[in-house]
Structures are given as C-alpha cells and as structure tokens.
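Chain A is the first sequence line, chain B the second, and so forth, proteins listed ahead of strands; every chain is numbered from 1. The shown structure was predicted, so the numbers you read here are calculated from the model rather than taken from an experiment. Only this structure's heavy atoms are used, side chains among them; waters, hydrogens and symmetry mates stay out.
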There are 2 protein chains.
Amino acid sequence: MRITLDALEVLDAIDREGGFSAAARRLHRAQSAVSYAVRQLEEQLGLQLFDRDGWRAHFTPAGRLVLDEARRALAAAQRVEAIAAGLDQGWEPRLAVVVDAVLPLGPVFAAIAELDAAGAPTRVEVVSATLGGVPRRFDEIDADLMLAKELAPRADLHLLPLAEVEMVLVAAPAHPLAQQGGISRASLDAHRELLVYDSGAPMPAASEHALGSSRRFLLADFGSKQQALLAGLGYGWLPTSLCTGLLQQGALVELPLEHGSRFRFVPTLAHRRDRPLGRAGRALLGLLTAEPSPG
Amino acid sequence: MRITLDALEVLDAIDREGGFSAAARRLHRAQSAVSYAVRQLEEQLGLQLFDRDGWRAHFTPAGRLVLDEARRALAAAQRVEAIAAGLDQGWEPRLAVVVDAVLPLGPVFAAIAELDAAGAPTRVEVVSATLGGVPRRFDEIDADLMLAKELAPRADLHLLPLAEVEMVLVAAPAHPLAQQGGISRASLDAHRELLVYDSGAPMPAASEHALGSSRRFLLADFGSKQQALLAGLGYGWLPTSLCTGLLQQGALVELPLEHGSRFRFVPTLAHRRDRPLGRAGRALLGLLTAEPSPG
DNA sequence: AGACTCCATCGGCTGCGTTGATGGAGAATG
DNA sequence: CATTCTCCATCAACGCAGCCGATGGAGTCT
C-alpha cells in the first residue's frame, strides 16, 4: 500500500474547506504540510489532482473522481474504528435477519433505524423470503435472526412468539366472487386461487390454508400477489398489512367466506442457541417483541 | 483518521502468513516492526486483536472481525489507486447502463465480463427497466448508456442501432387459444392479454403492439410475464430470448396469428452527446454493437 | 496601489517507525 | 529429558518522512 489514508483525508478536507490553507486550518497543520501531502499523492497516483492557476487551486475532473473514491476508502477505514469501538461495548459487526414476506417489514426497518440512532456500528442485512425459503435463506446466509410465519421445530433455535398477524381473503371488486353473498369453500373451487410459492423449493408445496381450488396460480412474492389480486386474476389471502389501505379504497374487497374470511397466526422470532446475540441483535429482538405489530 | 492503512495491511499479512515473523518477511520488514505496528493498532482501537499464549499469536474473535472490516478498507484504498491508474489510460471510474428488460441481458453481462478481463477498474452499474421507465431511469441515475426498445427523439442523445430482436406471441399449451388454428385479431379479444407496464408511470400507457383485448393484465416485468404465461393466465408477446427454450420444451406454444405471430424491432443504443464516453464506455459500446445479438 | 489571500518551495528539526539484538516461552527432535 | 528451533516482546539506536515557519510569486479586493 503506497497511498496513505492521511493523504486522502487531506484531499477530503480541501474539498470541504475549499482550499489548501483552509484545509490546513481544519486539520490543525501548517499549510505547507497540505501542499506537501497533495504533491506526494499526485506523484504516487501519477495524476494531476488540482489545477493551479496561480491563485486558488481547483480540483481537476480526474481529481474529483479520485476524491469520490477516496471518500469511500475513508468511510471504510472509519468503519474499522467504529467496529472496534462497538465491539468494546458489545455491538456485533454484522447482524443478518431473514423476514418472511407475509410479515410487515415496516417495524423491522423502524427498529433498525432506532439501532442506527443509538449509534450501533452494526452492518444490518435484511433478507425477505417466503415459506420454506425463510429457514433456507437463514442457513444460507448464516443469519442471526429469523422472523417466520411457521417454523419446523429445530433443536438449535430459540423461539419467541411475535404479535399476531391477520390474513384476509380478498379479491378485486370486479371479480365474480365479489358479487356473491355467503361463499362456501366449494364455490371457491370454480375460481383461481393465487398463491405465493417458494421459488427455491423443487415443487410448490401445498400451503396449509390453500383452499381447494382446482386452478391455482403461483406467484413469487406478495408484491406480485397483491398486483395480481388488484388485476382481478383471482382471489387469495393477503396479510392485513398489505391490504387494509386497498380495502378502504375499495380496490380490493373482503370475500364473505362462510367459515370465516380471516384467520390469524402468531409469527415466530428465532435465533440460534449456540451463538449469543450481540448488543444489536438483543436490541432488535427487544424492539420487535415490544412492538404491538410483529416483524 | 488515527489508524493507518499500513497497520491494516500488516494485519492482513499476519493472517495470510500465519504469524508475525512470516508477515514481516512478506512485508520485507523486521519482525519487531510488525510487533510494533500490531501493538500500536491495538492501542488505537482499544482492543486486543491477538491472543499471545507466549508462542504463536492467534487472532482473537474480535481481531478476526476487525480483520474482516480492515480488508474492505484495504480494497477501497486499492480502488483509489486503480481508479487513478485507470484514469491515466482513459478508463472512467463509473459507467451506468440502463437496459430495457425486453432485451437479453446476457450479452451485456458478457461484455462487462470482457471489460473486467481487460483490467478496467470501472465500476459498472446495470439497471433494468421497462418502457417509459428506461429513459426515466437513465436520467434519474445520470447513466452513460441506454439500451432501449424505442426512444422518443432527444437532441442530447446520440443513437446507434443494435441487432434486431424478435417478439413472439405465445401462450401455455393448455390455454384455449393454443387449441385453435388460425387466430384472428378479433378472436384474441375474448382472452386476457398479459402486458408489461411501467410501474413508475402514472397510468399504464397502451403499448403499440397491445392487441385489442378487452381484458388486459399488467405485470411489472418480463420475468413475471413469463411466469404468468407459463401458468396459463393469458397470452402475450415475449422476446425470443425469453422463450425459445420454453417453446422447444413445449412449456409455451406460439399462437398462429393470421397477420403474423412474430414481429421484429431494432433496439437503440443511446449515449449523451455532451459527455464523451470513457474507455470502458467505448469498449462496451463496441462489444455491444459488434455482438450479433443485441443488448 | 496597497493590502490580502492563496499556494509553492525551502531549510531545519522532531519524532515515528525502522532495524538488529536480546530474552522468554512453547514446539520439535532425538 | 536435553537440545535446538521458532515465535514473539522489548529495548536502544538511528534515519528519514513529514511537520513547521519563513519566504516569495501570483491573483483578488477596495
């Protein structure tokens, strides 16, 4: 490594302050030190970074591009310090969370924002998945937390319940089913059910709440499912988090199913027994289980 | 900036070589210099990076995490050097390309791979979009190149033709239309046409080749459209790049439309007149226009 | 025209990071 | 078990990289 972070910091200071002298003041150094650092960097890079028209020095276009890249390097270096400082206080450097797409993502992002606000240097990774894809991705990316709809029992996981999520059976207002009154399960049979399936699994497994429709359409995620429902392609279950607004607007209607057009389930939050959560993980866990709305 | 890249490089060398002494040899320094650098870094970070059991020094868990982050910082710094070296030879640091989703992405990625192989330090960004979303994203991300199906004339753009793309009218074999012989445009009317629309536009604009179907379903991208076609949701146009394999397998069939079930168009490659392309941009342009298959 | 600000350059000095030597501790070998 | 080897910590000594302050040229402001 020939170039030094210090030189890059000088570059940054020059841009922030608008000149060598001002940069020198900001860095508490003599102006000549700044000149020296710049000249040296220019020689090392073999590139002219500034136009000296005898008066104020301006970045050359190339200089500005180097500056841009330099700032990334500085940020990376600062992350090293932040990680170190964080480790001291129990913050882990990485926290990966897999979230089932049926669960609302809003609270997760809100909780992560709170973590940031608390000064956590942790690099948080959020991955969304569906059905069997949830535990699969959990293992694939070696994640720390998992928010799933339902989970096959595993000895290595510690589970916590989250607040209930409600699913509603809906369709577009133009859909034939929307015209009917009381709907029997049998009458659903004549129409297309839209289902989210796990694109990673070899064959789409029948979901517990898949109604006995002869024709089923399989979609990769709940966003697509929402779109397909709005387009009137069929009927299907949506979590209330994805359709309350649409129901109010009348873009979707709830189907009056005889045995109940809604069902609830308690999603699960899981983390590994063998690897204790860091401070960020514990904080996120606390925020999520405290939230009235899960996930 | 208190920590120095040099110290991080020492850390990296220790891990690669497996010890302080070996690292010192790799770095062509005395072993004491390595010890000194490590001690200093540990003090600066306020963290013990190594377990000294009197014999070989091992990374502590914290040390390994710091090392991981340090490597990112080193890579970022090396990018600064690479950018500078590249600028010297005309490489631009960033090249953003917007590609219409109807065009095959394969050749684009192949061309980018060739750029990498040629040692380009350029950070290439590829964004996929549909219809009106293509020029919109081009402006939004201030991209350099755009590969579009059709483009409203703009004075600030220089246009080049690409190789033809062929679209085929297809449906699933189980679809009623697949059973028929010669299909008139009117007979399509009774069935659902699947269309890709630009989710960013206020209202889905009627596409030129949208047949006069009374029921149209709007999908966000060609991946969804392909899925929907396979599921038998309706009929629609697909580029041959997305369906030749499926046609051979029999998963989709071509619909014998009276006035032709295929049409071709010449996609356009555009770049800004006011901003000359860098070496990577010119190379990519050359690779793309030379390719038999466009996009 | 004079006063300022800006940046380049130079001599001189300080101290950081280097080297090489030394020593303690575990590992390898017989 | 003794010997030898490698590994790392520590220390004194030193050299040069990088800092400072001064000086000077060039452009700007009033």
Side-chain angles (χ1 to χ4, degrees), chain A residues 1-60 62-64 66-67 70 74 77 80-81, chain B residues 1-60 62-64 66-67 70 74 77 80-81:
Chain A
M1 185 67 43
R2 273 154 51 253
I3 70 171
T4 155
L5 281 179
D6 186 76
L8 300 186
E9 204 174 24
V10 168
L11 218 59
D12 175 65
I14 292 171
D15 180 56
R16 284 181 196 281
E17 300 293 327
F20 287 20
S21 305
R25 283 193 291 275
R26 161 189 271 254
L27 298 172
H28 307 292
R29 295 194 219 177
Q31 169 262 317
S32 59
V34 172
S35 284
Y36 178 75
V38 169
R39 165 168 298 275
Q40 177 140 314
L41 186 61
E42 284 181 326
E43 281 172 11
Q44 283 166 346
L45 297 181
L47 206 59
Q48 191 169 345
L49 300 176
F50 291 92
D51 270 331
R52 281 85 154 175
D53 50 352
W55 170 234
R56 192 174 285 273
H58 302 278
F59 275 91
T60 60
R64 203 151 278 288
V66 169
L67 170 67
L74 285 171
V80 176
E81 293 183 328
Chain B
M1 185 66 43
R2 274 153 49 254
I3 71 172
T4 157
L5 280 180
D6 185 77
L8 300 186
E9 207 175 19
V10 168
L11 218 59
D12 175 65
I14 292 171
D15 181 53
R16 284 182 198 282
E17 300 293 327
F20 287 19
S21 304
R25 282 193 292 276
R26 160 188 269 256
L27 298 173
H28 306 293
R29 295 193 220 177
Q31 168 262 319
S32 58
V34 171
S35 283
Y36 178 76
V38 168
R39 166 167 299 276
Q40 179 141 312
L41 186 61
E42 284 182 324
E43 281 172 9
Q44 282 166 346
L45 296 180
L47 206 60
Q48 191 168 346
L49 300 177
F50 292 91
D51 270 333
R52 281 87 155 174
D53 49 354
W55 169 234
R56 192 172 283 274
H58 302 278
F59 274 91
T60 60
R64 203 150 276 289
V66 168
L67 169 67
L74 285 171
V80 175
E81 293 181 330

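- Summarising the geometry, the separation between CD on E17(A) and P on dC6(C) is reported as 11 Å, rounded to the nearest angstrom.
- Atom-to-atom, CZ of F20(B) to C1' of dG20(C) comes out at 19 Å; the value is rounded to the nearest Å.
- At whole-Å resolution of the value, CG in L49(A) and P in dA8(C) are 12 Å apart.
- Contact annotation: R39(A) side-chain N/O to dC7(C) OP1/OP2 distance is not under 4.0 Å.
- In this structure, the CZ atom of R29(B) is 16 Å from the P atom of dC8(D), given to the nearest Å.
- The CG-P distance, from L41(B) to dC8(D), rounds to 16 Å in whole Å.
- Between the P atom of dA26(D) and the CG atom of D51(A) lies a distance of 18 Å, rounded to the nearest Å.
- We find that CD1 of I3(A) is positioned 17 Å from C1' of dA17(D), with the value rounded to whole Å.
- Residue-level contact check: H58(B) touches neither bases nor backbone, having no heavy atom under 4.0 Å from any strand.
- Put simply, R52(B) has no side-chain N or O that comes within less than 4.0 Å of OP1 or OP2 on dC8(D).
- Here Y36(A) lies in heavy-atom contact (under 4.0 Å) with a base.
- The one candidate from Q44(A), E43(A), R39(A) that meets the side-chain contact (heavy atoms from CB on, under 4.5 Å) condition with L41(A) is Q44(A).
- Taking only side-chain nitrogens and oxygens, S21(B) comes nearer than 4.0 Å to OP1 or OP2 of dC8(D).
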Worksheet item: Can R16(A) and R26(A) be said to form a side chain to side chain contact (heavy atoms under 4.5 Å, CB included), step by step?
Response: CA-CA 9 Å; R16(A) 284 181 196 281; R26(A) 161 189 271 254; 3.5 Å; yes
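- Nucleic acid contact class of A57(B) (heavy atoms, under 4.0 Å, all strands): sugar-phosphate only.
- Listed nucleotides: dC6(C), dG21(D), dC8(D). Nearest to the side chain of R56(B): dC8(D).
- If you take CD of E9(B) and C1' of dT18(C), they are 16 Å apart, rounded to a whole angstrom.
- For Q31(B), counting side-chain heavy atoms from C-beta on, the closest listed nucleotide (dT9(C), dA9(D), dT19(C)) is dA9(D).
- A donor-acceptor contact shorter than 3.5 Å links the side chain of T60(A) to the backbone of Q48(A).
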Item to complete: Start with the C-alpha gap between R52(B) and E42(B), add the side-chain angles, then the distance that decides, and say whether salt bridge (charged side-chain N to carboxylate O under 4.0 Å, His left out) holds.
Response: CA-CA 13 Å; R52(B) 281 87 155 174; E42(B) 284 182 324; 2.8 Å; yes
Worksheet entry | Verdict with reasoning, D51(A) to R56(A), per salt bridge (charged side-chain N to carboxylate O under 4.0 Å, His left out) | CA-CA 9 Å; D51(A) 270 331; R56(A) 192 174 285 273; over 6 Å; no
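- For S35(A), a side-chain nitrogen or oxygen approaches OP1 or OP2 of dA8(C) to under 4.0 Å.
- Contact annotation: Q40(B) reaches the phosphate of dG17(C) (side-chain N/O to OP1 or OP2, under 4.0 Å).
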